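Quick note: numbers below take in every heavy atom, side chains included, and nothing from hydrogens, waters or symmetry partners. Per chain, numbering begins at 1; letters A, B, ... match sequence-line order. Being a predicted model, the structure only gives us computed values, none of them experimental.
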Amino acid sequence: MRMAPSPSGPLHIGHSRMAILNDEYVKRYGGDLILRIEDTNPANVDIDAYDMIPEDLEWLNVNVTKKVIQSSRMDFYYKEARKMISKGFMYVIEEDQAEFHDLKLKKIPVKCRDYDPEIHLERFDKLLEGKYEEGKAAVVMKTDINHPNPSIRDWIAFRLNYKKHPLTGDKYILYPTMNFSVSVDDHYLGLTHVIRGIDHLVNTEKQEYVFKCNGWKIPEYFHYGFINIPGTVLKTTLMKEGIKSGKYSGWNDIRLGTIMALKKRGYRPETFRKYWVASGMNKNNATFSWEIFNSMNREIIDYNTMRYFFVPEPEKFNIKNSKKLKSHAMFHPQRPDLGCREYDLDKNSNIYFPEKEFEKLKDSETIRLKDLCAVTKHANSLDYVSEDIDKKVKIIQWVPENSGSIKIYYPDGSVESGMIEPLASNKKEVVQLERFGYVNLNGSEGYFLHK
RNA sequence: GCUCCGGUGGUGUAGUACGGCCAAGCAUUCCGGCCUUUCGAGCCGAUGACUCGGGUUCAAAUCCCGGCCGGAGCACCA
């Protein structure tokens, strides 16, 4: 198996499907998982991606057994090209880009298509020596000039690019196109199975020509459908621009759909795996469901996630308690062994209470401050009633006066300010803020994970 | 336009290769109810789907033909 990202940026949630599906296959049936970085287009390379991609994969627990960087295999591609040219499977055109494209649309072969391979080999050397301008000559794979799909008719296998490559500099100017390098790599790397998106369906057909003319065994291909991931930014170019302009703080800005951003929000790598395995490999186009993804994540983290109180838009009240009070809220309702969060309140104590909840209360309505006492709303105050109450009433969270303030950032860019109970301040972990949601705390800020 | 690929509840899937055990399973969401000093979980209940039309057959989600809808490709990107 293999996965073959182009190093244009870090991996995002869409890539994680490709990585996990391949990895899962290897985990179940054995074999190698090759990470092949496809950097044969200098214009599409971000030098940082060479490090970010393996880091993302490691975090996802994808076990790469072998790593290949295409730009370090250029001489090998040239060697293969020479072989194929000399056998008449490929040829070199001297037509310019638009001309060649035009001829193909009309199903007209170029004059030199069937020239002696020697001539094409000479032209190939001229290509390497830089005797042609960009776009004025190219190496072409001979397929079927009458093929109904024009892009399959004699596709380009190598083209010139004089741009400096981030890794190899100006050492090479003739780069293989993806369809060529993928074919020979898939063969020589011994690929038996390929899992990729349906966007490669046509490429598979193109690549089969290379396999067939060389008499190579064609791997088993599986294509999975497109997934539309709503509500997040995934386009590398958009992310890059946003980072550059300062709109985003970096690749891990929680508004982005990168693996890094999702990690920062507190998602678990197991969630990705579970989700993509459950999605399977069918060719349907589907919509990514955050609901299901979140539900899976919740199931994984819930047992180990501590509970704390957070009060959004806090308002201070003196509850006029006539006696000292002690709160006792459990760290986790299913795990009494972990004990309680306890706070002592003197007589006439101040607490913070969510303003919105207060507004919703009717006058003289009695509620319970969770794990503390019952209070009644009177005009603009909350007044102590008793420590316990028989009636079933609303239960709302609160925090003591010595709480810290915190800002919670949402993936949609909004921010919520409030107070968090003292025991949770300066924590750096995913917690459940009761009646609010799961949040990844990071000192005086937090990143909203999900409900 | 041409070529290719799809179409199962709101969402995601199982089932389709070898027609019957599928008046369609699971998950999630929403809505009720129970429980609980949050939320979540748990338990109970409810709603909700085979794109349409023909054909083959004793029998079709499953096979065949056609329509409709959706997606992709039509690059010297990957």
Indicate, with a heavy-atom threshold strictly under 4.0 Å, whether [X] touches base, sugar-phosphate, or nothing.
| X | answer |
| --- | --- |
| A:Gly280 | nothing |
| A:Glu357 | nothing |
| A:Arg298 | sugar-phosphate |
| A:Ala329 | nothing |
| A:Thr40 | sugar-phosphate |

**Item:** Side chain A:Glu291 and base B:G10 donor-acceptor under 3.5 Å
**Value:** yes

**Item:** Base partner of B:C2, which must satisfy Watson-Crick or wobble distances under 3.5 Å
**Value:** B:G73

**Request:** Inspect the surroundings of NZ in A:Lys235 and state if more than 12 heavy atoms from other residues, nucleotides or ligands are less than 6.0 Å away.
**Result:**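 No, because the 6.0 Å sphere around NZ of A:Lys235 holds 12 heavy atoms or fewer from other groups.
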
**Request:** Look only at the side chain of A:Ser279 and the backbone of A:Tyr275, and say whether a donor-acceptor pair between them is shorter than 3.5 Å.
**Result:** yes

According to a strict under-4.0 Å criterion, is [X] in side-chain N/O contact with OP1 or OP2 of [N]?
| X | N | answer |
| --- | --- | --- |
| A:His101 | B:A75 | yes |
| A:Asn284 | B:G7 | yes |
| A:Asn282 | B:A14 | yes |
| A:Thr287 | B:G12 | yes |

Side chain of [X] only, please: which of [options] is the nearest?
| X | options | value |
| --- | --- | --- |
| A:Arg159 | B:U8, B:C76, B:C39 | B:C76 |
| A:Ile156 | B:C76, B:G12, B:A78 | B:C76 |
| A:Gln334 | B:A78, B:G40, B:C76 | B:G40 |

